[in-house]
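Scope of the values below: all heavy atoms of this structure, side chains included, with no hydrogens, waters or symmetry mates. Note that the structure is a prediction, hence the values are computed from the model and not measured.
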Amino acid sequence: MPPLGGGGIIPAMPELPEVETIVRAYRPRLVGRRLTAYTSRWAKQASPSVAAVRRGVVGKRIVRLDRRAKYIVFTLAGPGELPQSWMLLHLRMSGRLEWAADPEKGRHRHIRAWFDLDDGNRLLLCDSRKFARISFTTDLNAATAHLGIEPLERAFTAARLEHLLHTRARQLKPLLLDQSVVAGLGNIYADEVLYAAGLHPLARSDELSPAQVRALWRAIRAVLRKAIRHNGTSIDWIYPDGGMEPYLKVYGRAGTPCPVCGTAIERLRVAQRSTHICPRCQPRPVRLPGGRSRHRGGGRL
DNA sequence: TGAATTGTTATCGT
DNA sequence: AACGATAACAATTC
C-alpha cells in the first residue's frame, strides 16, 4: 500500500460504496441458500442475543441480500413462508466478511462468528475490533426507522436535500455524517464530497445558496457512484479489494497539492474526526455581524 | 505510545 | 425546551 500524505496508518472503514460492493459480491453466493447454523465467539455482537439470532435465522433461506445505509440486509424466509424476517449486519469500523469453501482451511484472523450454509460453505465474520453488530428482526421498518434517505435513490432530489439542510442549522460535515439525515456517508466520502462541492466542513447547512445546495447534491451522488464503480476504497488491511483510493482528492492527502489549485491540502478536526480540505477551494464562510454569511467559491464539481 | 476509526449515548451550552 | 456541539465509550492495531 502506498504511504499516504501525513504518514501513519489511516484506518479504512466500510462506508456505503464498500458495503454495496460487498453485497454485490456475496449476493450470488448467498441468495437461495439456507442457513444451517450460527456460531458466535463474541456475545456482544448479537442483538437482542446470540440465542435469539440463532432461533431467528437457523433453518431459514436467504431470499434477498441488500444494502440499507451501511447495513447488509439478509431477507429470510422459513420453509414455505413468505419473507418475514431479517438479519442485519453492520461492519462498523473493522468488520469483514470472508468466505470459507473449506472451513478447515485458510488463514482467517479475528473470527468472531460464522454461518453454515446448506451447500457446505461457511460465511465468516472477522473483526479485529469487535465493533461489528448482528441483529435479527421481524420488523424491518422499525429496525431501520432511525436511518435517513438513501443518497442514490430517486427520492433523493436536490429539493429534498435543500429541505434537509435548511430545516437544520448545523455544520456541514457532522450533518453529512449523521446517518439519520443522509444514510451511508462516512469520514472518507464526507471529505471527498465537500471538496467536490467546494464547501467548507464548518459551513452552516441553513446558509447555503441554491447553487451550493445543488453542488452538494451533485457531489454526493457523483462521489458515491464513482466509488462504487471502483469497488470502494482500501487504505489498509480492513477492506482489501477496493480501487477507489487513487481517486481520492483530499482524504489522507494532507500536505499534498490540491489537484485543482495546487494549494497544500490541510488536515483539521471537525466533530472529533480528522478532516481534509483544500483551504483555497473550500474557503471558510465569513460570519457577518448580521448573522448571515458570505461564501466565496462553491458550485464547482 | 497514543492516535485513529463508527455509531450510540450522555452531557454541556445556548 | 429544543437543538446542536462535545465527549466518552467499546476494542484493537502498529
Side-chain angles (χ1 to χ4, degrees), chain A residues 1-19 22 40-48 67-72 88-97 108-113 125-135 142-148 163-192 200-208 232-240 242 245 248 250-255 267-276 285 287 291 293:
Chain A
M1 268 161 292
L4 298 169
I9 294 295
I10 300 174
M13 53 287 155
E15 305 180 24
L16 185 155
E18 289 76 28
V19 178
I22 291 165
S40 172
R41 286 180 173 174
W42 179 243
K44 288 170 72 174
Q45 75 190 201
S47 171
R67 178 193 59 75
R68 171 75 172 101
K70 302 176 191 173
Y71 289 87
I72 300 169
L88 276 62
L89 172 60
H90 199 301
L91 298 171
R92 293 273 189 108
M93 288 179 55
S94 56
R96 283 175 294 117
L97 288 180
H108 304 282
R109 300 182 63 192
H110 310 298
I111 300 174
R112 306 302 179 194
L125 172 62
C126 303
D127 182 13
S128 65
R129 294 183 179 87
K130 301 183 182 177
F131 285 1
R133 292 293 180 266
I134 298 169
S135 60
T144 58
H146 64 291
L147 295 170
H163 178 76
L164 292 170
L165 293 166
H166 287 174
T167 52
R168 297 164 172 79
R170 296 188 59 185
Q171 300 169 348
L172 280 189
K173 178 158 178 178
L175 184 147
L176 291 179
L177 292 174
D178 187 336
Q179 301 299 298
S180 72
V181 181
V182 177
L185 291 168
N187 204 38
I188 295 175
Y189 296 114
D191 280 5
E192 293 298 314
H200 193 281
L202 293 177
R204 299 285 160 159
S205 63
D206 58 340
E207 294 175 351
L208 294 197
T233 301
S234 2
I235 291 189
D236 64 7
W237 73 98
I238 291 170
Y239 180 81
E245 197 274 339
L248 298 181
V250 290
Y251 185 85
R253 303 232 188 285
R267 180 169 163 182
L268 49 148
R269 289 194 80 75
V270 176
Q272 318 310 126
R273 299 290 186 249
S274 78
T275 299
H276 311 75
R287 281 282 203 182
S293 68

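When the side-chain nitrogen and oxygen atoms of A:His110 are compared with OP1 and OP2 of C:dT13, one or more of them lie within a distance under 4.0 Å. OP1 or OP2 of B:dT8 sits under 4.0 Å from a side-chain N or O of A:His146. The phosphate of B:dA3 has neither OP1 nor OP2 within less than 4.0 Å of any side-chain N or O from A:Arg267. Phosphate contact (OP1/OP2 of B:dA4, side-chain N/O of A:Arg269, threshold under 4.0 Å): present. The phosphate of C:dA7 (OP1 or OP2) has a side-chain N or O of A:Gln272 nearer than 4.0 angstrom. OP1 or OP2 of B:dT6 has not a single side-chain nitrogen or oxygen of A:Lys70 nearer than 4.0 Å.
Residue contacts shown for A:Ala271 are absent, as no nucleic acid heavy atom lies under 4.0 Å away. Looking at heavy-atom distances under 4.0 Å, A:Asp127 makes no contact with the nucleic acid at all.
Side-chain atoms of A:Arg273 come within donor-acceptor range of the base of B:dG7, with a qualifying N/O pair under 3.5 Å.
Lacking a ring centre under 5.5 Å from that of the base six-membered ring together with a plane angle below 30°, A:Phe131 does not count as stacked on B:dG7.
Listed candidates were C:dA10, B:dG7, C:dT6. Nearest to the side chain of A:Lys44 is C:dA10. Across C:dT13, C:dA11, B:dT6, the shortest atom-to-atom separation from the side chain of A:Arg92 is found for B:dT6.
Rounding to whole angstrom units, NE2 of residue A:His90 and C1' of C:dA10 are separated by 15 Å. Counting to the nearest Å, the C1' atom of C:dT12 and the CD1 atom of A:Ile111 are 17 Å from each other. When rounded to the nearest whole Å, the span between NZ of A:Lys130 and P of C:dA11 equals 7 Å.
The closest side-chain heavy-atom distance from A:Pro285 to A:Arg204 is not below 4.5 Å.
One finds a salt bridge joining A:Lys173 and A:Asp191 here, because a Lys/Arg side-chain nitrogen approaches an Asp/Glu carboxylate oxygen to under 4.0 Å.
Only A:Arg170, A:Gln171, listed by number, bring a heavy atom of residues 170-180 of chain A to less than 4.0 angstrom from any atom of DNA chain C.
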